[in-house]
Amino acid sequence: MRPDTPAENVDHTAEAARLERTAGLYPEDAEALLLRAAAHLELSGDRPAATTLYDRLLSSAEGLDNPALVRALKASNLWEYGHEAEARAIIEGIRTTSPRDPAPWVIVAEALESHDELEAAADTFSEAAHLLLGSVEEPPPATHPLLYGRHRVRRMLGLPHDDWDTLADTLHTSSVTLDELHDPKRVWSLGSDNPAELEAEISRLRAELGAYREALSRPFPVAVLHWPAPELAELLSAYPTLSSEYPSHAEHLSTIESSLRELSASGTPNLGIVTGTVPSYEAFAASEGASPGDATLLPQYATTLAARGRAVAWPPGRGAGCWCGSGSWYAGCHGDSES
């Protein structure tokens, strides 16, 4: 269930409780699952309960994959129900620590923007752009919301375009340009009596909503299961019947790449790779009441990992490391057309 599903179509409180229960079953995925649960609680209107989940994550003995993201979400949530001073303190702390992930920057900048702190929002977006994009030839998709948000706030402030604004225009693929979408004067057209103006504004809003939904939540990827060499050796030692599925680790890696290329060539979108571990696989088999040696469980296990947010998009972005874990660039490893 997507967290942006309208309240009339889902019981957000019940969905949050379900996700909390799932987090108890899969502690290795607790961070992603509890963040989704907190999003449902925010949508249900129970913001204090969402803060409790954020605090639970931040006080966890287990290390978080992205503590800055959790703090950013907590700050945004706190500000929405009257805890402005605490929210501002958290936002300042995030800016000071300079996370390398664009998501926390986008969240805190948008929190400032939503409370009419446009100059501070613009400064935050620009600070993140300098940090994350200063030496990048081609911005990765995860940084696109950063550039779009910066463009929007600067447009509202009436600032002239700079190189990053131009880059945002280039990356944006909607039929309506960013300049139109972010035009502060659009709001006035909603009060017009001219049907043509109203129709044009509705078209712009539809395009903006479509772009927002696409960025907010994509469907689960079609994911292929990857076993690192030590995990595959342990798996085959414990369950020799799976040897027919995995003749060798090198062949396993080659099959992953070729399968994904075939899926891509057939037009299948949103492809990904999930990495398995033997304990996780055994727990999944137990939950299904089946033997881990049953090869038919493998694709189900991959789908479950993807649904729990464990998939990494394929192919890796330009200049990224290979998905196989070799430490080499993807382009020179499995991304090589000859591999």
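With respect to the salt-bridge test (charged N to carboxylate O, under 4.0 angstrom), the residues Arg88 and Glu84 qualify. In this structure, Arg150 does not pair ionically with Glu113, as no charged nitrogen and carboxylate oxygen lie closer than 4.0 Å. A salt bridge links Asp162 to Arg154: one of the charged nitrogens lies within less than 4.0 Å of a carboxylate oxygen.
One N or O on the side chain of Asn77 and one on the backbone of Arg47 form a donor-acceptor pair closer than 3.5 Å. Listed for the Glu15 side chain is no donor-acceptor partner under 3.5 Å among the backbone atoms of Ala37. Distance alone, capped at 3.5 Å, places no donor-acceptor pair between the Ser280 side chain and the Thr277 backbone. For Ser237 (side chain) and Ala233 (main-chain N/O), no donor-acceptor pair under 3.5 Å exists by modelled atom type.
His226 and Glu231 form no side-chain donor-acceptor contact under 3.5 Å, judged by distance and modelled atom types alone. Side-chain contact, His12 with Asp46: no donor N or O sits under 3.5 Å from an acceptor N or O. Counting only N and O atoms by type, the side chains of Asp294 and Thr296 include a donor and acceptor under 3.5 Å apart.
Separation of atoms CZ (Phe284) and OH (Tyr26) is listed at 7.0 Å; rounding is to 0.5 Å.
Between His115 and Trp79, the ring-plane angle classifies as parallel under the 30° and 60° cut-offs. Ring pair Tyr246/Trp227 is perpendicular by interplanar angle, where above 60° counts as perpendicular and below 30° as parallel. Relative orientation of the Tyr81 and His83 rings is perpendicular, given thresholds of 30° and 60° on the angle between their planes.
For the pair Val274/Tyr301, no side-chain contact is recorded, criterion being any heavy-atom separation below 4.5 Å from C-beta on.
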